[in-house]
Amino acid sequence: MLFKLLTYLQPTHYFGLPRQNGSFVFPDVSTLPPGDLNYALIDKDYCSEIAKNYDVSWQLIQKGYIGQEQTINTIEAIPIQDQYRFIRKYFHTAWVAYVLALRLLSFNNPFRELQAYYSSRYIKRSRYLETPIPYPNWNGFQSKLLESKPKISIIIPTLNRYNYLQDVLTDLEHQDYTHFEVIVVDQSEPYEASFYSSFKLDMRVYRQKEKALWLARNTAVKAAQGDYLLFFDDDSRVEPNWISMHLKCLDFFKADVSSGVSISKIGDKVPKNYSFFRISDQLDTGNALVKRAVFEQVGLFDRQFEKQRMGDGEFGLRVFLHGFLNVSNPYAKRLHLKVGSGGLRDMGSWDAFRTQKWNAPRPIPSVLYFFRRYFGNQRAKLALLRLVPLSIMPYRFKKNKPLLVLGALISIVLLPLVLFQVIKSWRLSTCKLKQGPLIDTLK
């Protein structure tokens, strides 16, 4: 982490880890052209020059900087007062108080902590994301990759969603880019082979009796004939330019992955933090175009996540750690219906941290497997502390801040039960860690 206190707030964030070559994602400010620095708000009130430069570097990545300049290879220590100044600028005051409480409970020097916290009390939260970095050449960009018409393999696993799959395949029939194949891995019961006969698509359908999402995707990846693999969900809708926008993004940024964005209602705007190009800190296998060469180097999806959560998050982190460029693409949009049946819903997995039964593990064990494997036990515990109390309220209240705070308070009352659920998840994740990853290779 550029700033140590981010460990408490984003303990399992992709960008908190160095890549395999030892570099971090953040640009070295000293190597940037002067024009690029104009995109950041330079704060001269930091005590240390290092903190000022790290602030600029962090801002640029958050605002959508996608450059080829030298990145930071080592993280230097920053005075505690600069640490508090940083989190005051970019996080809600409640989270700043949360960090202070954890720091005091961790036996850090209380006088230094309180002094740094108090001295930063007048700092207002930055509105830096209101001015993301523009890419004015995008609209007029003539993609040679698009013109070369590479073959795309669209991968769709499906389970008991023929009504929705009808619209998915119809949308694909109307794409303005036509050089693609569709690979459907159908796990439905009963299986309806005749359903696929009416579509005018280059399509192959594989019948899979085992209800296993990551097996389905791995099967499709192995069967794919294209050099680019486009992952899609069976409860989504897309515009006719969906494929071409993904390809254009890969070409424009010379990227390896184009991660599209999702909206949940017709007419909704793209969420603010996904409304501009930026290096992506996630990979959504419901809307992502991936070069085949990526799978050849990092392997397929880890089947430790079967019937559970965060399999695409784990794959995305592997892609990041290998140094591949994954760009969040606001122009490759999909409407994600998130229907209440079929898919992972039928497998009993709706949300990573919300349980359906009182004696179920919280979070789902695959989440802790992911956290512990890549970030270690300490950061995994910080993630639990950060996320579990907020998961007490039902999923439909996920974006309601007052109810999330209420859920955190309720979690104190339910502490014995919550501890039981977390310990159970920790134990089950330990079993997964002992078994190790189940990652096949693409030959």
I'd like to know if Lys291 and Asp227 make a salt bridge, using a cut-off of under 4.0 Å between side-chain N and carboxylate O. no
Can you classify the ring geometry of Phe301 versus Phe315 as parallel (below 30°), tilted (30 to 60°) or perpendicular (above 60°)? tilted
Do Arg372 and Trp426 form a cation-pi contact, if we require the NZ or CZ to be under 6.0 Å from the six-membered ring centre and within 45 degrees of the ring's axis? yes
Work out which heavy atom in Ile78 is nearest to a heavy atom in Ile50; give both atom names and the distance. CG1-CG2, 4.3 Å
Heavy-atom donor-acceptor pair, His179 side chain to Lys149 backbone, under 3.5 Å: yes
So, are Asp45 and Lys52 salt-bridged, with charged N and O less than 4.0 Å apart? no
Do Leu5 and Tyr84 have side-chain heavy atoms sitting under 4.5 Å apart? yes
Could you check Tyr90 against Phe86 for ring-ring contact (aromatic ring centres under 6.0 Å, His included), going step by step and ending with a plain yes or no? CA-CA 7 Å; Tyr90 301 114; Phe86 174 80; 5.0 Å; yes
Apply side-chain contact (heavy atoms from CB on, under 4.5 Å) to residues Arg217 and Ile156 and explain how you reach the verdict. CA-CA 8 Å; Arg217 288 197 171 117; Ile156 309 172; over 6 Å; no
Side-chain ion pair, Arg303 and Asp440, N-O less than 4.0 Å: no
If you apply the rule side chain to side chain donor-acceptor pair (under 3.5 Å), what do you find for Ser23 with Asn73, and how did you get there? CA-CA 4 Å; Ser23 69; Asn73 291 311; 4.5 Å; no
Side chain to side chain donor-acceptor pair (under 3.5 Å) between Asp171 and Trp242: does it pass, once the steps are laid out? CA-CA 10 Å; Asp171 284 350; Trp242 177 59; over 6 Å; no
If the plane angle is over 60° it's perpendicular, under 30° parallel, otherwise tilted; pick one for Phe91 and Trp58. tilted
Go through the steps for Phe305 and Lys432 under the test side-chain contact (heavy atoms from CB on, under 4.5 Å), then give the verdict. CA-CA 10 Å; Phe305 295 87; Lys432 286 180 173 291; over 6 Å; no
N/O donor-acceptor pair under 3.5 Å between Asp234 side chain and Arg161 backbone: no
Restricting to side-chain hydrogen bond (donor to acceptor under 3.5 Å, both in side chains), what partner residues turn up for Glu181, sequence neighbours left out? Ser153, Arg204
Assess whether side-chain contact (heavy atoms from CB on, under 4.5 Å) is satisfied between Lys222 and Leu300, documenting all intermediate values. CA-CA 9 Å; Lys222 291 178 180 179; Leu300 302 182; 3.5 Å; yes
Would you be so kind as to tabulate the donor-acceptor pairs closer than 3.5 Å made by side chains of residues 29-39, with sequence neighbours excluded?
from  : atom 1 : to    : atom 2 : distance (Å)
Ser30 : OG     : Asp28 : OD1    : 2.7
Ser30 : OG     : Asp28 : OD2    : 3.4
Thr31 : OG1    : Asp28 : O      : 2.8
Asp36 : OD2    : Tyr65 : OH     : 3.2

Show the nearest heavy-atom pair for residues Lys151 and Gln225, with the distance to one decimal. NZ-OE1, 3.1 Å
In terms of the angle between their ring planes, are Phe15 and Phe26 parallel, tilted or perpendicular, with boundaries placed at 30° and 60°? perpendicular
Residues Asp284, Arg334: salt bridge by 4.0 Å N-O rule: yes
Could you go step by step and tell me if Phe195 and Tyr191 meet the ring-ring contact (aromatic ring centres under 6.0 Å, His included) rule? CA-CA 9 Å; Phe195 167 80; Tyr191 171 59; 9.8 Å; no
Indicate the atoms forming the closest heavy-atom contact of Ser236 with Val168, along with that distance. O-CG2, 3.2 Å
I would like to know whether Phe295 and Tyr228 meet ring-ring contact (aromatic ring centres under 6.0 Å, His included); could you show each step before the answer? CA-CA 10 Å; Phe295 286 95; Tyr228 299 87; over 10 Å; no
Closest approach of Leu247 and Leu146, non-hydrogen atoms and distance? CD1-CD2, 3.9 Å
Measure up the Phe252 and Trp138 rings against each other and bin them: parallel (under 30°), tilted (30 to 60°), perpendicular (over 60°). perpendicular
Tell me if the centroids of the rings in Tyr8 and Tyr98 come within less than 6.0 Å of each other. no
Do Arg85 and Tyr46 form a cation-pi contact, if we require the NZ or CZ to be under 6.0 Å from the six-membered ring centre and within 45 degrees of the ring's axis? yes
Arg88 side chain reached by Thr93 side chain, heavy atoms, under 4.5 Å: yes
Would you sort out whether Leu2 and Ile72 count as a side-chain contact (heavy atoms from CB on, under 4.5 Å), showing the intermediate values? CA-CA 9 Å; Leu2 287 182; Ile72 293 171; 3.8 Å; yes
